[in-house]
Amino acid sequence: MLVEVLTTAGRWNTEQPLLTYRVPTALEARLRRGQLIAVPYGDRLDEGIVWRVLADDEAAISLLEEGIELRDLSSILDETPALLPHQLELARWLSEYYATSLAHTVFNMLTPGLLQRSRFVLKLSQEALEDAMRSASSQDASLRLRALLGLLHTDGSLDVEQLKKMLGKTKAQQLLKEIKQSNLIVREPELVEGRAKIRLRRAVRLLVKGEELLIWREQLEERLRHAESEATAGSEVPHSVSASQATTKASANPWSLGTTASATLAPPVQSKAGLIIQRQLAALDLLQQSLNRGSPWTPAALCRATDLTERQLRQLEDERIISIERQELRRDPLQGRALPASQPLTLTQEQEQALRAVLDAVREGEQGTTPKPILLHGVTGSGKTEIYLQALAAIIAQGKRGVILVPEIALTTQAVQRVAGRFPDRVAIIHSELSVGERYDEWRRIRAGQVDVVIGSRSALFAPLPDLGLIIIDEEHEAAYKQSELKPTYHAREAALKLGEILRIPVVLGSATPAVESYHRAERGRYQLVELKGRIGTTLPPVEIVDLRVELRAGHTSIISRRLHEGLTNVLEQGQQAILFLNRRGAASCILCRDCGYTALCEHCDIPLTYHSTERVLMCHYCGAQSKPLRYCPACQSAEIRYFGLGTEKVQRTIQKMFPEARLLRWDRDTARNRHAHEALLDRFASRQADILIGTQMIAKGLDLPGVTLVGVVSADIALNLPDYSSPERAFTLLTQVAGRAGRGSEAGHVIIQTFNPEHFCIDTASRHNYDEFYRMEIETRERYGYPPFRQFVKFTYSHSNRHRCQLEAMRFSERLTHWINRLGLVNTDIVGPAPAMLERVRNKYRWQMIARGPDLHRLLRVVDAPDWEIDIDPISAL
DNA sequence: AGCACGCCGACT
DNA sequence: GTCGGCGTGCTC
């Protein structure tokens with residue numbers, strides 16, 4: 001039997017991704033696809049994943065003809081596959097679509113820290129051992145001693161890294177060369193465990209239960225009485241101090257002796273032996289109670305709680321009533337979190353219909369047809385989550401399991417708690433802010449089938465959940481679903497759709513503001529469109545637009561307009577809450593006329609120009625075209641044209657000055673660095689310890705804060721004027737989502753948007769909560785300019801420490817691309833750029849990029865040979 | 001990636 | 001002369 005393997009070292013070898021090994025007969029029966037195995041690779045041991053098991057030896061023959069002799073795989077590292085068959089199939093697609101090697105793709109689908117590290121150790125050779133054995137029986141005392149020393153060291157092995165550290169690189173290398181020639185020491189390859197480890201701790205376990213335990217108790221109580229009578233008979237005077245200590249300890253303990261009648265009714269103990277027995281009985285009580293209360297007792301904690309010494313506790317172990325053993329400790333990301341049980345709510349008619357559509361699709365899949373993905377377009381607050389939960393409950397009842405993907409930020413909030421509360425103990429959470437250990441424990445629970453629902457960020461899609469029956473992507477328009485830093489640069493939505501196709505299960509895409517691309521697909525019939533038009537319990541808040549040009553003309557230069565000031569005053573007077581939102585994404589500052597709202601756009605791309613203060617030029621970060629900075633507004637000749645940038649700190653200072661008594665909370669990347677900080681901020685605001693929350697787009701997503709009656713958008717202009725084709729979509733989404741935060745409670749809410757561009761169609765449509773109209777206008781622009789979804793984009797980025805070499809390579813590469821495009825005869829396909837990247841210098845490296853655009857670029861990608869270039873397929877931004 | 005091998009500059 | 005830099009090639 002043969003096996004095709006992807007190896008970690010072979011990750012970089014794109015030409016020969018799969019290596020073939022022979023399977024030793026002893027392992028044949030145990031071998032499965034997706035298992036992690038150890039294989040010999042060159043002179044070392046490497047980790048691999050089983051891609052395919054080949055029954056016939058035809059492949060072996062053809063490899064032999066090429067002069068390649070097959071080697072045996074070394075061992076199976078983990079019996080349970082790390083990836084399920086459908087995930088391997090997904091990996092194949094990901095690798096092809098996102099132009100990433102198969103091995104790279106597969107290994108990046110595994111939970112972090114799982115992979116083992118390959119290294120070398122030095123050990124005594126077999127020859128040296130045999131020699132030592134011979135000498136051990138020698139007459140010569142010193143020889144025997146040497147033999148003994150040698151044997152003592154057989155277990156200890158020295159790893160080569162350590163040797164290098166101890167001796168320095170060159171000395172070590174020299175020594176290793178000598179070792180190679182010596183026949184006493186051998187250099188052996190081995191694998192060491194990755195960072196993801198099972199956490200063990202000592203735990204006390206009750207070995208007897210029920211009846212048997214009662215019998216033991218009686219025996220101990222009998223012994224206690226016996227000890228007491230002995231003590232009285234011998235007139236032993238007990239240490240009164242220790243006796244009283246025991247009683248205080250026992251009564252201070254929440255699960256004190258009081259639970260069993262015998263202990264409560266027992267008279268104060270007189271003898272020392274009796275005292276110990278009484279404490280042992282208390283220990284048994286605590287252990288029994290912990291049986292139904294989750295976390296087990298460690299010996300140390302139990303001793304502390306009962307005043308026993310470990311020696312005295314071990315007496316119970318000797319009697320085989322308890323055992324002290326190393327137990328697996330689960331690291332639970334939700335530990336200590338209040339998870340209020342959430343009951344299914346009664347659905348509205350709209351919700352009922354949506355749920356039915358999902359379940360019909362499930363049934364369709366069961367009958368062998370691939371169900372259409374469902375685009376669930378529901379306004380903010382229309383109850384999408386409840387539909388997800390009930391759909392999940394329905395498939396769980398059929399013995400299946402489901403995944404809900406949420407954008408990164410939502411993981412710190414209420415959504416997770418709601419899901420976890422609905423399916424207690426049957427939910428796993430996966431996202432990047434968990435520790436490697438927490439993630440590993442969740443991953444293993446998932447793999448073992450201990451959960452029904454996985455909720456997490458995009459990578460949760462790769463959790464090996466058996467019997468997957470439904471995939472839900474909440475807020476499907478979110479950019480967080482696109483991976484761009486690491487290969488493969490996949491979009492979780494696309495990956496989920498593929499998985500749905502492979503497994504014939506429905507994929508539900510939910511959003512109040514679907515991605516333009518998604519809505520387009522729904523229109524063309526690729527998705528089934530399901531709409532929820534009504535909010536539950538409340539209505540959508542009215543949106544008021546404040547024209548900042550008018551404010552300026554009236555002499556009000558503050559960043560807080562009179563209307564917003566008025567609104568905030570009201571909120572504070574009424575003891576309600578407000579959110580002030582400011583978009584500050586990127587360092588980009590756009591050029592804006594403060595009189596007429598004119599923004600400078602690139603004449604080739606219709607994308608806002610960015611001002612570069614160092615070179616004093618306006619530049620298009622899309623095509624690279626440069627122009628002179630403007631001194632007067634081309635539209636109204638005003639000199640009030642300047643670049644525009646604004647921060648949350650500035651807003652905070654201004655508001656504090658306006659309302660000295662108001663309690664402010666700032667929420668952005670500077671004040672909330674990790675998930676605990678996020679939660680703490682949210683808790684503070686939700687519990688009304690602050691009146692006004694000031695933040696960036698982080699606060700726009702999915703928060704359900706009933707106390708908020710006013711949402712102010714300090715400036716919509718930065719969002720509108722990001723120099724990217726997708727900025728209208730992002731602006732619309734953002735404004736709609738932010739507005740959706742208002743008026744979710746009993747008080748009516750309203751929204752104030754400040755802008756220099758009140759006529760902009762994004763602001764206009766968002767203020768009327770009119771997705772449809774926004775979509776019509778945006779899709780037309782996309783079509784006119786050939787932006788996605790009408791053409792595919794691929795971004796190529798090159799980085800180099802030398803700016804000129806970087807630019808030069810970019811130019812040369814763009815010529816090569818153009819050449820390939822022509823040779824392949826690709827129609828309607830071209831290259832935009834090269835241009836410096838949005839952040840031209842990152843970690844002392846210059847970055848240049850270009851965009852290839854065309855109806856389908858995969859033919860191009862197949863011929864592109866650019867190992868030094870980052871290739872991002874369907875980039876989330878053209879910047 | 002890791003680790004060989006291999007071919008040129010700055011020091012004991 | 002040796003030490004040590006990192007360019008190139010290989011791994012079923």
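Just so we're on the same page: letters track the sequence lines, and every chain starts at 1.
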Q: Could you check whether A:Glu4 gets within reach of a base, just the sugar-phosphate, or nothing at all, counting any heavy atom under 4.0 Å?
A: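 Counting heavy atoms under 4.0 Å across all strands, no contact is made by A:Glu4.
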Q) Base, sugar-phosphate, or nothing for A:Tyr41, non-hydrogen atoms under 4.0 angstrom? A)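 Answer is base: heavy atoms of A:Tyr41 come under 4.0 Å of a base.
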Q.
If the threshold is 4.0 Å, N to carboxylate O, is there a salt bridge linking A:Arg812 and A:Glu815?
A.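 So A:Arg812 does not pair with A:Glu815 through a salt bridge.
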**Q.** Check ion pair A:Asp856-A:Arg791 (N to O, under 4.0 angstrom)
**A.**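 Here A:Asp856 does not pair with A:Arg791 in a salt bridge, since their nearest N and O are not under 4.0 Å apart.
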Q. Checking salt bridge (Lys or Arg N to Asp or Glu O under 4.0 Å) against A:Asp441, which of A:Arg330, A:Arg331, A:Arg447 comes through?
A.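 Looking at A:Arg330, A:Arg331, A:Arg447, the match for A:Asp441 under the salt bridge (Lys or Arg N to Asp or Glu O under 4.0 Å) is A:Arg331.
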Q. For the salt bridge (Lys or Arg N to Asp or Glu O under 4.0 Å) test, which of A:Arg445, A:Arg444, A:Arg201 pairs with A:Glu328?
A.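 Answer to the salt bridge (Lys or Arg N to Asp or Glu O under 4.0 Å) test with A:Glu328 among A:Arg445, A:Arg444, A:Arg201: A:Arg444.
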Q: Return each pair, listed once, that meets side chain to side chain donor-acceptor pair (under 3.5 Å) where at least one residue sits in residues 79-94 of chain A; pairs must be two or more places apart or across chains.
A: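 Only A:Arg30-A:Glu79 qualify under side chain to side chain donor-acceptor pair (under 3.5 Å).
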Please state how far atom [atom1] in [X] lies from atom [atom2] in [N], giving the value in whole angstrom units.
X: A:Leu191; N: B:dG2; atom1: CG; atom2: C1'; value: 13 Å
X: A:Arg71; N: C:dC10; atom1: CZ; atom2: P; value: 17 Å
X: A:Leu45; N: C:dC12; atom1: CG; atom2: C1'; value: 14 Å
X: A:Leu6; N: C:dT11; atom1: CG; atom2: C1'; value: 15 Å
X: A:Arg117; N: B:dA1; atom1: CZ; atom2: C1'; value: 12 Å

Q.
Tell me whether the side-chain N/O atoms of A:Arg11 come closer than 4.0 Å to OP1 or OP2 in B:dA1.
A.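 For B:dA1, OP1/OP2 do not have a side-chain N/O of A:Arg11 under 4.0 Å.
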Distances under 3.5 Å between protein N/O atoms and the N/O atoms of nucleotides 3-6 of chain B, please, pair by pair.
none

Q: Could you list the residues that satisfy side chain to side chain contact (heavy atoms under 4.5 Å, CB included) with A:Arg22, not counting sequence neighbours?
A: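 By the side chain to side chain contact (heavy atoms under 4.5 Å, CB included) rule, A:Arg22 matches A:Leu2, A:Leu70, A:Asp72.
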